Protein chains: 2
Amino acid sequence: MAGKQKRKKKRAHFKTKADEVGELRQDLVTGKWVVVATGRARRPDDFLAERSTPKRFVKVDNKCPFCRLDEFPQLPDVLRLPDDPKEWLVHIFPNKYPAFSAEEEFRTWNLGPYRAMESVGWHEVLATRWHDQVDALLTVREMSLQVEALVLRYRQLRQKPSVNHIQIIKNHGQEAGGSLEHPHHQIFTVPVLPSDVHDLLQGAERYTQANGQEPFGVMLEYEREDGARMVEENEYFTAWCPYASRRPFEVWIMPRRQEPYFENIGPEERELLAEIMRNVFRRIYVGLNDPPYNYYIHSAPCDETGFACDRSQFSHFRWHIEILPRMNVWGGFELGTGLEITTALPEESAEYLRRQKIDEIC
Amino acid sequence: MAGKQKRKKKRAHFKTKADEVGELRQDLVTGKWVVVATGRARRPDDFLAERSTPKRFVKVDNKCPFCRLDEFPQLPDVLRLPDDPKEWLVHIFPNKYPAFSAEEEFRTWNLGPYRAMESVGWHEVLATRWHDQVDALLTVREMSLQVEALVLRYRQLRQKPSVNHIQIIKNHGQEAGGSLEHPHHQIFTVPVLPSDVHDLLQGAERYTQANGQEPFGVMLEYEREDGARMVEENEYFTAWCPYASRRPFEVWIMPRRQEPYFENIGPEERELLAEIMRNVFRRIYVGLNDPPYNYYIHSAPCDETGFACDRSQFSHFRWHIEILPRMNVWGGFELGTGLEITTALPEESAEYLRRQKIDEIC
C-alpha cells in the first residue's frame, strides 16, 4: 500500500477538479456513472456522529428464533459446521418465509405480450451460533467456518437444474433490511440471470475486447500502485474503496488470482479471505460505530441451465465481495436513473478506514 | 376498463401458477425480471394497517424554509406560476444544497484506467405555496399549474449545452428520502445518459426490431383489453399497475399518443394529465393512508450534446410517470442482483386502488 506522501500527491489531482464542480465517475465494468456530490460532502467523522446508540451484547436472546434452533428438532439440517448437534458454530437451514419455492423444475409461460416463469429456488439462512456474533466481533476461525459453510452449500446448490445463479448476502441492521438482529446470511438461488449480474459479465467482456486485458486485473494493479483508495491487503486478497463508489465507505474485497467462481476457493485462500473480511468489518465497526450495511458475493452464474448468457464471458469475470454501508436513503433520482449520488470521496473513506485501530476491540 | 367479470376470469390464469410456486415476471422493455413473492404476500389491507399515524394539516409552518420563500428576496426567481410575487402557487428555484454545479461547459479526464467528468447540472426545487399541499389534496388546477411549470422549465433547461438528460422526481415522506415535509419536486439535469434510461431506450428499440411494434403501445393495448391491472383512464392517459411491478401498488401513467418527450405535451393534455395524477395520488392516499412514495417522469434525453445514444432509438420510446410507494427496504439481494422482490400481486394492488372512494376527501 502506498504511503501518506504518495496519497497526498494523488489527492491533489482529483481535488483540483472536485473543489470546483464535483465529479461524475464511471464504473470500469458496468459503465454506470456515479455522482460524487462534493457540494454535499461530509467529513467521515460526521457519519460517525449520527450513530451513537451504545451496543448491547447478548449472547443468547430467548425471544430470538435463531437462538433457539436446537429446540426445533424437526428443522431440516441442511448443513452444520462443526457437524455436531451440541458444538456447531454455523448452521444453514431453509428460510421460514422463502421468496422462492425449492423445486428442481419450473414452467415458463406467456400472458399476452409478457413472459413469466415459476419462481423456483432455494432461499436459506446461515445463522451464527451466538446472538452477538456480528462480523466485526468474530474470530478469524469463526469467519472462516462461515465461508467454508457457504462454499460447501454453494457447491451443492449449483448442481440443481433450476439453479442458474446463486446470491449470498447479508443485511446487517434494520435500515439495511435486516429483519432479525441475530447475525445471519441469506442464500438465494434464482432460475434467471439477474440483470445486474448480466451487465457485470457483459461489461467485463466488452472491456477485455476493447483493451486486451480483463478489467478486474487492471483495476487491482492500478489501485495497488496508486494507494489512495486502498484499505488493506494480504497475500491473496485486496480490499479497497472503488473509484466509482456508489456509497460512502463502500469496500470491495477481491482475489488477486483470476477466478470467476467464489466456490472454487481452497482452504488456504479461505483463511486469508476470513482474515481480510474480519478486518474490514472491524474498520467499519470501529470507524462508523457499527453502522447498518449490506454485503453480497458476486460470483459467475452456474452453467447448468439454458438461461445463462454466453459462457465465454465468464473467463473475464472475477468473483468478489461488495460491502455497502447504509448511510442514506435512495430517493426518486436514484430509482429513476440508476445514477447514484454519494456524499463522500472514496479516497477520504479509504484513508479513514485505513487508520482505524482494530486490534483493540475484544 | 374491463368489468369485474372479466377480471375474475383472467385472474384464474395467473393464480393457478402463483398459488403453487409464485412467479418471476419480465419487464417488456428493460428485460429485467421481478419476483412476485406470493409466499410472503400480504393483503392490501395489511399494508394499510402498518401506517396509522394521523395526518396533521398545517398550511404554513414558520420553521419550514419553503413556507418562508417570500422573506428571501435575494432568491433567484427561476419561475413562478402565476407569475405574481403575492399570488404565486408554484415556485421553481435552485436547490440550496445542489448535487451538481450549474455550468454550461464541463471537462472530462482520465485517472489511470478510469473515466471522470465534472458533475455539472441544474438541481432545482419546485415548491407548492402551502405546506399541506400533498399531491392527493391538490385541486386539478393546482396540479395542472405544477405540470405547466415543470414543462416550461424543462424546455428552458434542455437548451443548455451541458444538459443531456433531465430527471424530474418527487420524494414524499422521510422513508422515501424526503428531507423536508413541505411538498416539493426536484429537477435534476445530468451531462450523461443515466444507465437505467439508456436500458429503457435500448429495450424499446430491441423490442420494436423483434416485434415490428413499439412496446409501450403493445402494453397499453393489452392492459386496456385485459383490465386486471387497470387503475383509471381518461381520454388521453392510462394509469395501471405494471405486469412486472417492482413494488406493491406501483402505478404507471402513460399517454396513449406516441410521444417520447414529456415537455411536448399541450395545454389540453396537461389538464387531463393533472386530473389522472391527482386521482391516482388520491387512491394511494386513501387506500394506503398517505404512504411514503417516490415518483419520477421518464422522458427521452435531450439531444443537444454528443453524449446521447443513437437518436433513432427515441422514436420507440414513450414518456411516462412511474409512482413507487415505499412499503419495504431494499436489502443485499436487490442491491446485488437488480432483481426486485415484491410482496403483492399487481392485479390485487390495482383492484384495491380501483375501488377506493376518492370523491369524499376534501
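So you know, we letter chains A, B, ... as the sequences are listed, proteins then strands, and number each from 1. The model shown is predicted, which means the values in this text are computed figures rather than measured ones. As a basis for the values below, the full set of heavy atoms in this structure was taken, side chains included, without hydrogen atoms, waters or symmetry mates.
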Does atom CD of B:Glu104 have more than 12 heavy-atom neighbours, drawn from other residues, nucleotides or ligands, at distances under 6.0 Å? yes
Measure distances from A:Gln167 to the heavy atoms of chain B and classify the residue's part below 4.5 Å as side chain, backbone, both or neither. side chain
At a heavy-atom distance under 4.5 Å, which candidate from B:Gly177, B:Gly336, B:Gly121, B:Gly331 has the highest pair count against chain A? B:Gly336
Between A:Ile297 and chain B, which part of the residue has a heavy atom less than 4.5 Å away: side chain, backbone, both or neither? neither
Under 4.5 Å from a heavy atom of chain A, the part of B:Leu200 involved: neither
Between A:Pro215, A:Pro113, A:Gly112, A:Ala244, which shows the greatest number of heavy-atom pairs under 4.5 Å with chain B? A:Pro113
Which distance, rounded to the nearest 0.5 Å, do you find between the OH of B:Tyr296 and the OG1 of A:Thr337? 9.0 Å
Which atoms of A:Asp199 approach chain B - backbone, side chain, both or neither, heavy atom under 4.5 Å: side chain
Between B:Tyr222 and A:Tyr114, ring centroids under 6.0 Å: yes
How many angstroms lie between CZ in B:Phe188 and CD1 in A:Ile341, if you round to the nearest 0.5 Å? 5.0 Å
Rounded at 0.5 Å granularity, tell me how far CH2 in A:Trp330 sits from CG in B:Asn294. 11.0 Å
For the residue pair A:Gly338 and B:Ser195, what are the closest heavy atoms and their distance? O-OG, 3.9 Å
side-chain contact (heavy atoms from CB on, under 4.5 Å) evaluation trace for B:Arg326 with A:Val329: CA-CA 11 Å; B:Arg326 200 75 174 242; A:Val329 178; 3.5 Å; yes
Identify, with sequence neighbours excluded, every residue that meets ring pair (Phe, Tyr, Trp, His ring centres under 6.0 Å) alongside B:Tyr207. none
Spacing of CG belonging to B:Leu335 relative to CZ belonging to A:Arg247, to within rounding of 0.5 Å: 5.5 Å
My understanding is that only residues two or more places apart in sequence, or in another chain, count here; which of them pass ring pair (Phe, Tyr, Trp, His ring centres under 6.0 Å) with B:Tyr293? B:His172, B:Phe281
Here the gap from A:Gln26 atom CD to B:Met117 atom CE, rounded to the nearest 0.5 Å, amounts to 7.5 Å
Taking side chain as everything from C-beta outward and backbone as N, CA, C, O, which of these in A:Gln213 sits under 4.5 Å from a heavy atom of chain B? Side chain, backbone, both or neither. neither
Does the side-chain contact (heavy atoms from CB on, under 4.5 Å) test come out yes or no for B:Val190 and A:Leu339, once each step is laid out? CA-CA 10 Å; B:Val190 285; A:Leu339 187 61; 3.7 Å; yes
Quick one: closest heavy-atom pair of A:Asn171 and B:Gly332, and the distance? OD1-N, 2.6 Å
